[in-house]
Number of protein chains: 2
Amino acid sequence: MGIREVARRAGVSVATVSRTVNGVRSVSPAIAAKVWSAVHAVGYVPNTQARALVSGRSRILGLIVSDITNPFYPELIQGFEQFAVQAGYDVLLGATNYDPAIMATTVRRMIERKVEGVAVMTSEIEPSLMEQLTGRRIPLVFVDIGPPGLRIGNIQVNYEAGVRQAVQHLYRLGHRRLAFIGGPSDLKSAQLRRDAFVRCTSAPEWMAARPLLLAGDHKLEGGFEAVQRLLSAPVRPTAVFCSNDLTAMGVLRGLDVEGLRAPRDLSVVGFDDIHMAEYTIPPLTTVRLPRLDLARQAFQSLMAGLEETSAPGSGLTPIETSLIVRGSTARVEPAAS
Amino acid sequence: MGIREVARRAGVSVATVSRTVNGVRSVSPAIAAKVWSAVHAVGYVPNTQARALVSGRSRILGLIVSDITNPFYPELIQGFEQFAVQAGYDVLLGATNYDPAIMATTVRRMIERKVEGVAVMTSEIEPSLMEQLTGRRIPLVFVDIGPPGLRIGNIQVNYEAGVRQAVQHLYRLGHRRLAFIGGPSDLKSAQLRRDAFVRCTSAPEWMAARPLLLAGDHKLEGGFEAVQRLLSAPVRPTAVFCSNDLTAMGVLRGLDVEGLRAPRDLSVVGFDDIHMAEYTIPPLTTVRLPRLDLARQAFQSLMAGLEETSAPGSGLTPIETSLIVRGSTARVEPAAS
DNA sequence: GTGAAAGCGCTAACAG
DNA sequence: CTGTTAGCGCTTTCAC
């Protein structure tokens with residue numbers, strides 16, 4: 001079943017089989033044909049382990065996400081895996097579930113498997129863990145976080161563009177009192193989203209009523225529970241901006257429980273534009289973060305890091321966000337303001 | 001950085017390092033201590049490739065799913081991965097996206113990586129592909145499908161229990177005219193769900209009005225589009241049973257577009273009980289399929305297949321489904337019947 | 001209890 | 001263009 005068996009059947013050396021299978025040009029067509037037929041006869045499949053051992057290349061890429069249960073990630077994973085497989089790589093997935101301990105074992109697993117690069121699409125990674133990777137000259141790529149450096153890619157997301165559009169959209173609809181439901185406090189991406197929101201609502205026209213900032217967790221639960229706090233505010237906001245779509249969906253549900261509904265009683269804006277955002281009731285107005293671009297940049301940055309020739313951070317243009325208007329936002333009712 | 005370096009530093013042979021790291025008893029505590037300190041000093045991490053090559057064990061399990069975008073699967077993947085990692089395995093994920101061609105390349109990738117077992121949580125697998133796996137004595141486990149055999153596990157799901165409860169639930173609420181929205185026609189699990197539904201609605205009390213069977217795709221889109229066909233039926237059903245929760249969510253949205261809503265205008269029942277089912281508007285009455293049980297059985301079956309001693313099919317008790325009543329079903333309005 | 005040595009299956013010089 | 005050979009890093013007999 002191994003390469004020797006194929007060589008024996010084809011009446012050639014193992015080197016020739018290896019060359020044929022790997023598409024090295026210098027094999028005569030006649031011999032190549034014999035080798036291929038032997039390959040098919042035996043059902044030969046090269047042993048990746050052996051290959052990796054001798055070549056020093058595992059052809060595995062690590063992908064670390066925080067919450068595989070958040071629909072944003074599967075959509076991202078799918079894209080990343082697609083690029084990877086196209087280039088002959090397999091993906092080793094790690095879901096940390098926001099837990100630093102799991103993050104540590106995940107990094108360990110990746111090192112053991114000799115991954116050739118790691119895309120970290122999650123919360124802050126401990127410096128010591130990062131050094132384990134960089135110390136082994138493994139290219140890394142982060143979103144929003146991480147120090148730049150050789151073999152370290154940093155994907156920038158222009159949150160502000162989308163957030164500004166959303167805030168203006170709400171302003172034009174007559175909203176003057178906003179709320180914001182954030183994500184996990186230690187998640188840099190969540191901080192940046194909130195910061196962008198705070199900045200966009202620092203313009204003079206918003207000075208009359210400062211926005212209400214509420215805590216969330218980027219899960220359905222967090223949005224659901226935030227509704228209580230939102231409704232009991234001294235001055236009830238007329239619109240809420242959520243740090244991700246899952247949170248917004250939780251809000252929608254929370255409103256329903258109170259006998260309220262968007263956008264009549266409260267305008268709701270999400271963030272991410274997961275596929276499902278089009279199917280909520282009402283469909284969600286949200287800021288789109290293009291997942292496929294994210295996946296592509298992460299993959300390309302890793303590949304660049306492997307080349308060694310170019311700095312992987314370079315050539316990365318920030319990912320642009322943009323507002324998608326659907327049905328969860330509306331002109332504020334005079335009665336409600 | 002390799003085992004030799006550790007051996008040199010600890011002043012022992014590589015064999016002793018290997019034994020220490022692998023916890024073989026026959027290493028004296030004194031020597032073991034020296035080895036471990038050398039291991040930490042160097043930051044030694046065993047090379048899985050080399051290990052796999054010599055031991056013939058890759059410690060990788062394959063997991064094939066059809067649609068990673070369907071929230072049911074991430075929840076399943078998470079469970080499966082957890083069991084695997086606990087036992088020292090990594091998971092190679094394959095998402096076929098319902099495409100037989102992708103399935104073929106996925107199986108190939110798994111063979112190349114020398115996976116020790118494959119869990120197939122998706123549509124029918126071509127016999128030739130399956131033989132590639134079984135011919136290499138790789139344990140397999142299927143849900144709903146696949147011929148039983150040595151090293152082949154078959155997880156059975158008792159769909160009928162949950163479906164019967166759901167149908168009875170609807171009957172008691174006064175519904176007499178039902179509809180069913182199915183899944184992909186070539187997906188065995190979808191067929192079984194539909195069959196269970198048909199069987200449960202073959203009792204005498206349902207003879208007056210045969211259910212309306214509609215096609216779907218287990219996606220939001222399918223449910224959404226089915227609403228049109230459902231509403232234009234000569235006799236409009238008062239309740240619809242969906243082959244999965246995503247379909248049901250699509251229906252909810254489809255109704256909303258028509259200015260209708262569940263359960264007032266149509267009772268809706270889903271299938272799977274994904275986490276999100278609790279957060280739809282209204283929350284979804286659905287048949288729960290315990291994901292963690294599924295993940296556990298899949299994993300255990302694979303482990304049993306590796307033992308060789310026991311037939312992996314044995315010891316598997318069918319997975320039970322049960323009705324979870326939430327807000328998307330209600331007593332049929334006299335006016336609507 | 002510990003070490004020496006033989007490979008696991010493959011690729012990549014280096015000869016021919 | 002093809003064959004011979006030396007390892008990749010590790011585990012595992014087999015001696016000691």
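Each chain gets a letter, A, B and so on, in the order the sequences are listed, and its residues count up from 1.
- Where the helix from C:dG1-D:dC16 to C:dG16-D:dC1 starts and where it ends, the local axes point in directions that differ by 40°; five pairs per end, rounded to 10°.
- Formation of a donor-acceptor pair under 3.5 Å by the B:Thr106 side chain with backbone atoms of B:Ile102 is found in this model.
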Could you please spell out the steps behind the side-chain hydrogen bond (donor to acceptor under 3.5 Å, both in side chains) verdict for A:Asn47 and B:Arg113?
CA-CA 7 Å; A:Asn47 180 335; B:Arg113 290 281 175 199; over 6 Å; no

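- B:Ser301 contributes no side-chain N or O that, together with a main-chain N or O of B:Gln297, makes up a donor-acceptor pair within less than 3.5 Å.
- In this structure, A:Glu116 contributes its side chain and A:Arg59 its backbone to a donor-acceptor pair below 3.5 Å.
- If you measure from atom CZ of B:Arg57 to atom C1' of D:dC10, you get 16 Å, rounded to the nearest angstrom.
- B:Leu76 places a side-chain heavy atom less than 4.5 Å from the side chain of B:Leu294.
- Rounded to an integer number of Å, the gap from CD of A:Glu112 to P of D:dT11 is 11 Å.
- Between the side chain of A:Ser18 and the main chain of A:Val14, no donor-acceptor pair closer than 3.5 Å is present.
- Counting only heavy atoms from C-beta outward, the side chains of B:Ile111 and B:Val107 approach each other to under 4.5 Å.
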Nucleic acid footprint by protein, nucleotides 3-16 of chain C - heavy-atom cut-off 4.0 Å, B for base, S for sugar-phosphate alone
BB--BBBSBBB---

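- Counting only distance, with no hydrogens or angles, the side chain of B:Glu75 and the backbone of B:His275 share a donor-acceptor pair below 3.5 Å.
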